[in-house]
Amino acid sequence: MSADRVVALPGDGGRPLAVLVLAAGLGTRMRSATAKVLHRLGDRPLIAYVLDAARKLSPDRLIVIVGHQAEEVEAACKSHGDCGRICFVHQAEQRGTGHAVRCAAPELAGFGGDVLIIYGDVPTLRAETLASFVQGHAKSGAALSLLTACFRDPTGYGRIVRGTSGEIERIVEERDATPDEEQIQEINAGIYCVAAELLLEAVGSIATDNAQGEYYLTDIVSVARRQGSRLWSCGIEDPAEVRGINTRAELAGMEARMRKSIVEKWMAAGVTFEDPATVYVGADVKIGRDTTIGPNTHLRGATVIGEGCRIDGSAYIEGARLGARVHLKFGVVITDSTIGNDVQMGPFAHLRPGTDLARGVHIGNFVEAKKAKLGPGTKANHLSYLGDVTVGENTNIGAGTITCNYDGFRKHPTVIGDRVQIGSDTQLVAPVEVGSDAYVGAGTTVTHAVPPGALAVSRTPQRNIEGWVARRRVRESGDGAAKAAAGASDKLPRSPAKTRARQRLRVVGRSKRRRLVGGPAQEPASKAAPRRKRTQRGVARVRVARPASSRRPTRR
Ligand code: UD1
Ligand code: CA
């Protein structure tokens, strides 16, 4: 027997133990195309809970019977905990729980120990309960032991039929029960411990003469009795533990109970929930003490929240790791990301997978980050998309900055150094680098590397066209009075810019004509003149600093 059992068993050094988990059924009552054991409870498939409990016993053999959606069920078993020792047995056709155990016969042939059988749809079953049941079985010297429970409403369960002296006679399924038997409140929890030899013999001799035409595993009880084998049963302390999931309503009920108990566990560990009823905390989540969690917060997957954090509310956090004193303002979504100590985020911000925020980072409203690594103290406070980017420390990403990381075929990286000022409305066309201490002017489209300490600016010079609005209003109004107000003539006054444009067209026309007819090759004097005139009058010139990179070679 293994020495690393979480739960001690008296059988250690004695009879070996095999655990058999039945998970092949579709779960007809779920009315689903998905196998029942794959339905999720507290963020994990049902089968994961049962396997966890089974593994804690460190059995010599762990056998899972799969059938419906076998591949998916196997994958779910493998992705939840160590699966190295699981042996999967295929039950191609689901002909009942007894038939499922029959399918495992080749695996159990020659196994001289006890077999603990559990069903895959009993997620709240604890390893400790299983261990004490196996202990009781060993002590009793029985060949077959049953775990039973008493339910005020036993609907749906197999009933334990006892003889006048209290000995177990058989188990009757609800569909096969007489009205009197239906009144029995002691039910079969579906957890059995059986000597392997007896089990193989008994499942070999059961038939399908019942309401469902199935091989019922429960029939091994009558077989064992007929053979004169010793039976033992044990009533469970907390019957809720062996509640099976057969319908969506039962799943939802259990989800609510589990959610409540998880939240209570974290409250007892020093976490404040402002409205526990609206918070969802998954079974694998960990929360540091003195953290406060606001309403409508979802913490899912393997999320870890540090100490002294504050989550204002309406947050969806999955697979994230938050340091200490992190403040998530209202409305954030975080998936598979890491957040350092003292980070502030939101309201309304979104971290997609692969994002890593170092200590003291600020992420503000309407900022989306994906595979973004932001150094300590860096801030992106407003309206940005930061994808496939690495940013150094104490850099400021201005409002509306976009990393253009996708060219329609592949994603490209952006690298920004330390203490950089990225001006508002900057587009960084990746792959591109901005060196430390550089500035990027507002509205710049950065298409090539910005050297450290440089200023990068790319802007179209600004033009101011005076009086344009008034003329436009007149044109659009189509109203005689307005036209009259703009000038007595019925004809609209032409804008100086329009006049110049017409002149230019005339000039171009003339020179083209000249070229066509083989006129003089020199430029007409009139072509340059109107341009000079234009800069002097209608158009105010804006001085634009030349980007430093255009003067100096790029340093790497
Ligand atoms: C079963 C018991 C019932 C007990 C109840 C406890 C039988 C006949 N009845 O009823 O006495 O009170 O559990 O929860 O055993 N499975 C297979 N292959 C199959 C059929 C089922 O692997 O061919 C698996 C299912 O995936 C499931 C488990 O066995 O995990 C139980 O099957 P289910 O149909 O839920 O049995 P119940 O009707 O609940
Ligand atoms: Ca069931």
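As the structure lists them, so they are numbered: ligands from 1, and atoms in each ligand from 1. This chain uses plain numbering: 1 for the first residue, then up along the sequence.
Checked against a 3.5 angstrom limit, the closest N/O atoms of Gly96 and ligand 1 fall inside it. In terms of polar-atom proximity, defined here as any N/O pair under 3.5 Å, Gly244 makes no such contact with ligand 1. Remark: ligand 1 and Tyr157 share no N or O pair separated by less than 3.5 Å (distance only, no angle test). On a distance-only criterion, Tyr216 and ligand 1 share no N/O pair closer than 3.5 Å. By the 3.5 Å distance cut-off applied to N or O atoms, Leu22 is counted among the residues near ligand 1. On a distance-only criterion, Ala100 and ligand 1 share no N/O pair closer than 3.5 Å. Residue contacts with ligand 1: Lys36 is placed with a nitrogen or oxygen under 3.5 Å of a nitrogen or oxygen of the ligand (distance criterion only).
Near Gly120, the atoms of ligand 1 lying under 4.0 angstrom from a non-hydrogen atom of the residue are 30 (O). Shown in contact with Gly158 at under 4.0 Å from a heavy atom are these atoms of ligand 1, numbered in order with element: 3 (C), 4 (C), 11 (O), 12 (O). Residue-ligand proximity, Ala189 to ligand 1, at heavy-atom distances under 4.0 Å covers atoms 6 (C). Atoms of ligand 1 found under 4.0 Å from any heavy atom of Asn246 (numbered from 1 in listed order, with element): 35 (O), 39 (O).
Ion pairing between a basic and an acidic side chain is recognised when a charged N comes within 4.0 Å of a carboxylate O; Glu307 and Arg325 show no such pairing. A salt bridge links Arg126 to Glu241: at least one charged side-chain nitrogen sits closer than 4.0 Å to a carboxylate oxygen. Salt bridge Arg300/Asp43: present, at least one basic N to carboxylate O contact under 4.0 Å.
Of the heavy atoms in Ile65, none comes closer than 4.0 Å to ligand 1. If you look at Arg29 next to ligand 1, the close heavy atoms, those under 4.0 Å, all belong to the side chain. Within the 4.0 Å heavy-atom criterion, the part of Glu173 lying near ligand 1 is the side chain and not the backbone. If you look at Gln91 next to ligand 1, the close heavy atoms, those under 4.0 Å, all belong to the side chain.
Among the backbone and side-chain atoms of Tyr119, none of the N, O or S atoms lies under 3.0 Å from the Ca ion (ligand 2).
As for Asp121, its N/O/S atom nearest the Ca ion (ligand 2) is the one called OD2.
Between Ala324 and Cys309, the shortest heavy-atom distance links the atoms C-SG, 4.1 Å.
Checking Arg95 against Thr208 by side-chain atom types alone, no donor-acceptor pair falls below 3.5 Å.
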